[in-house]
Amino acid sequence: MSEKQFKACIYARLSREDGDKAESDSISSQRAMIREYLSRQDDIEIVAEKVDDGYSGVSFDRPAFNEMMELIRDGSVNCVVVKDLSRFGRNYIEAGNYIERVFPFMGVRFIAINDHYDSAEEQNSSTSLVIPFKNLINDAYCKDISVKIRTQLDIKRKKGQYLSAFAVYGYLKDPEDHNHLIPDPYASEVVRKIYQWTMEGNSLQKIADDLNSRGVLCPMEYKESLGMKIQTIFRTGSKAQWGPSSVRRILTNEIYVGHLIQGKAGTPNYKVRKIVQKDASRWIRVEDTHQAIISPNVFRVVQDLLARDLRISPDQDRAYLLSGFLECADCGQSMVRRTVTSGKKKYAYYVCGTNKARKGCSSHNISEEKLIRIVTDSLRCLVQHVVIAAEFLQRVDSLPEKDPEVTNVDTQIVHLTEEIEQNTNYMEKLYENLSEGMINKDEYFQFKKTFQERISKAKQAVSLLQKERQAVLDGKRRDMEWIRIFQKYDGFKELDRKMVAEIISRIIVHKDGTIEIITKFQDELRALEKYYPDAFGNDDENRMEG
């Protein structure tokens, strides 16, 4: 028997991602078909077998394919056999380049069994002409599958389904629905602590250090402790630790408020596998998809704090009480804290940041002790006013009922209810009119149908209005939650950082010692004052003389 001329490598590929059928295109099926075919070829010897299981045909950068190409380069293989062209690849440009240029140049025979293609029989010109079209069809098929998958994923995201492989720190995947999140009893408490410490003025580094010193596992280590095998770019040592960046990621993630924001990144198309960040306008945001760990107000306060210039000194790990809130009335720049020593005692005061940098503005200053006293007295007065007004209105939940929007809906419901009663009365009189001969049977049934339709439409309208009314009330009650912030500070003894962060927007310092306190609830306070102006008196709680 003469020596066989070709040394073949069997190549098989399977990818669930591009929609391949598991049964007909399984690796075992491909192997069996190729081996059966080669058993009938006297001039071909099988010397290698390479399998890419779980790799898309769009890209030719596959481990087993690259190994096969190495065998071709060193001369160990000069024949490649696949079940069909789609198993070889679905990128028609690259597939065509290998079949028509690379393999012929390297002296490699290429066989696609189901497509009846064998490069050793190129005299069959009709087959050679069909191959590019088949490659194009395979490419188009892959594109179509990619579009369908992307569309389906976007539909799921818009429905509020969580699609990431792992739950974000603080949550677990619901055992009954893996696309739904439920709070993790342990990690959710860590998240709450992080937000609380931030509101109390702790720096991100201080929070990270405290978590590490307490032995709290960072998100990645915690997930691995639960048996999850993850890969991340955030590991910097043998054991990952908490750091300022990991703390900030938790503090800026809206998922803790109960909202999902997905689709922030993705591949540009089905041929490019590199992940790129998408413009914010293309993100998919769905609210109230799962139980919140952090309240919307706390989240807003923390975002505000992160955006401020806190100027924590090197020897401090916590922001000063009013740091980041003080503003010069003349130039609008931040007021900077300075200290002077007199005897054995240190005195702190605030000066204009522009003047301190010798870039202009006046040299006015105010002592920290005096400033804190003024702010404390001002907030104590404001809190008292709000609490008195809320008590006068008896229940906070009753406030929205007086809203004009709710009243307007109530008026519409009353009119529709009257219409229902009126048409019901007309229907009750119909039979009497029929009996007295005022209308005939045809007219009876016609009028009855008309009145029934009017009643049905009115009832549907009432149902919709009641839902609308409830939605308005729910929204208004959420809007009234700011009152509860003031109520929890009723009778406070000493001003703290958390209270400042929750209530104050900025404190404007004038050079004559006058300060203005601008709260975060200016519009709400004005609206509340309309309900009960006597509670606020004639004092201006946002402007006090120093």
> Who are the salt bridge (Lys or Arg N to Asp or Glu O under 4.0 Å) partners of R192, not counting sequence neighbours?
Replying inline: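 For R192, the residues satisfying salt bridge (Lys or Arg N to Asp or Glu O under 4.0 Å) (neighbours in sequence not counted) are E189.
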
So, taking the atom named [atom1] in [X] and the one named [atom2] in [Y], what distance separates them when rounded to the nearest 0.5 Å?
X: I455; Y: L416; atom1: CD1; atom2: CG; result: 12.5 Å
X: N202; Y: Q196; atom1: CG; atom2: CD; result: 9.5 Å
X: R157; Y: Q262; atom1: CZ; atom2: CD; result: 6.0 Å
X: E200; Y: L305; atom1: CD; atom2: CG; result: 11.5 Å
X: E524; Y: W482; atom1: CD; atom2: CH2; result: 6.0 Å
X: K173; Y: I182; atom1: NZ; atom2: CD1; result: 12.0 Å

Taking all heavy atoms of [X] and all of [Y], pick out the closest pair and write down the distance.
X: A240; Y: M220; value: CB-CE, 3.4 Å
X: C331; Y: C328; value: N-SG, 3.6 Å
X: G160; Y: L260; value: O-CD1, 3.3 Å
X: Y195; Y: T252; value: OH-N, 4.3 Å
X: G263; Y: W283; value: O-CD1, 3.7 Å
X: I504; Y: V375; value: CD1-CG1, 3.8 Å

Does any non-hydrogen side-chain atom of [Y] lie less than 4.5 Å from one of [X]?
X: F492; Y: T376; value: yes
X: S164; Y: F166; value: no
X: N365; Y: N355; value: no
X: N297; Y: R484; value: no
X: Y169; Y: N253; value: no
X: S463; Y: K459; value: no
X: S342; Y: Y347; value: yes
X: T354; Y: D330; value: no

>> Run T519 and Q522 through side-chain contact (heavy atoms from CB on, under 4.5 Å) and show every step you take.
In response: CA-CA 6 Å; T519 73; Q522 296 295 296; 2.6 Å; yes

Are the side chain of [X] and the backbone of [Y] linked by a donor-acceptor contact shorter than 3.5 Å?
X: S378; Y: I374; answer: no
X: Y320; Y: G324; answer: no
X: R337; Y: Y350; answer: no
X: Q205; Y: P244; answer: no
X: T417; Y: I413; answer: yes
X: Q422; Y: E418; answer: no
X: D279; Y: R282; answer: no
X: Q303; Y: L251; answer: yes
X: W197; Y: D210; answer: no
X: H259; Y: D288; answer: yes

> Can we say D304 and K520 salt-bridge, meaning some charged N sits less than 4.0 Å from an Asp/Glu carboxylate O?
Replying inline: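 Counted as a salt bridge, because a side-chain N and a carboxylate O are separated by less than 4.0 Å.
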
> Taking NZ, NE, NH1 and NH2 as the nitrogens, is one of them in D209 or K206 under 4.0 Å from a carboxylate oxygen of the other?
Replying inline: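 No, no charged N to carboxylate O under 4.0 Å.
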
> Do Y222 and D184 meet the criterion of a side-chain donor-acceptor pair at a distance under 3.5 Å?
Replying inline: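 Judged by distance alone, the side chains do pair up.
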
>> Over 60° means perpendicular and under 30° means parallel, so tell me whether F486 and F521 are parallel, tilted or perpendicular.
In response: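 It falls in the perpendicular class, over 60°.
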
Just distance, no hydrogens or angles: give the donor-acceptor pairs under 3.5 Å from side chains in residues 289-296, sequence neighbours left out.
from : atom 1 : to   : atom 2 : distance (Å)
T289 : OG1    : G258 : O      : 3.4
H290 : NE2    : I255 : O      : 2.8
S295 : OG     : V298 : N      : 3.2

> Taking it one step at a time, do L326 and I366 satisfy side-chain contact (heavy atoms from CB on, under 4.5 Å)?
Replying inline: CA-CA 11 Å; L326 298 171; I366 185 171; over 6 Å; no

> Can you list the steps and then say if E419 with R454 is a salt bridge (Lys or Arg N to Asp or Glu O under 4.0 Å)?
Replying inline: CA-CA 8 Å; E419 183 181 336; R454 288 177 182 175; over 6 Å; no

> Around K158, counting heavy atoms of other residues, nucleotides and ligands shown, do more than 12 lie under 6.0 Å from its NZ?
Replying inline: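 Atom NZ in K158 is not packed in, count stays at 12 or less.
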
>> For E287, I'd like to know if atom CD has over 12 heavy atoms of other residues, nucleotides or ligands within 6.0 Å.
In response: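 Yes - once you tally the heavy atoms of other residues, nucleotides and ligands closer than 6.0 Å, there are more than 12.
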
> Does the pair V500 and I507 meet the rule for a side-chain contact (heavy atoms from CB on, under 4.5 Å), with working shown?
Replying inline: CA-CA 10 Å; V500 171; I507 301 170; 5.5 Å; no

>> Apply side-chain contact (heavy atoms from CB on, under 4.5 Å) to residues E221 and W242 and explain how you reach the verdict.
In response: CA-CA 10 Å; E221 295 292 344; W242 285 96; over 6 Å; no

>> Is there a side-chain hydrogen bond (donor to acceptor under 3.5 Å, both in side chains) between N425 and E421? Walk through the geometry before answering.
In response: CA-CA 6 Å; N425 291 333; E421 291 176 357; over 6 Å; no

> Hey, which of K498, R380, E502 is the one that makes side chain to side chain donor-acceptor pair (under 3.5 Å) with Y489?
Replying inline: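 When K498, R380, E502 are each tested with Y489, the side chain to side chain donor-acceptor pair (under 3.5 Å) holds only for E502.
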
>> Apply side-chain hydrogen bond (donor to acceptor under 3.5 Å, both in side chains) to residues S59 and D61 and explain how you reach the verdict.
In response: CA-CA 5 Å; S59 171; D61 186 14; 5.3 Å; no

>> Is the positively charged end of R62 above the ring of Y55, judged by distance under 6.0 angstrom from the centroid and angle within 45° of the axis?
In response: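 No - R62 does not lie over the ring of Y55 by the 6.0 Å and 45° rule.
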
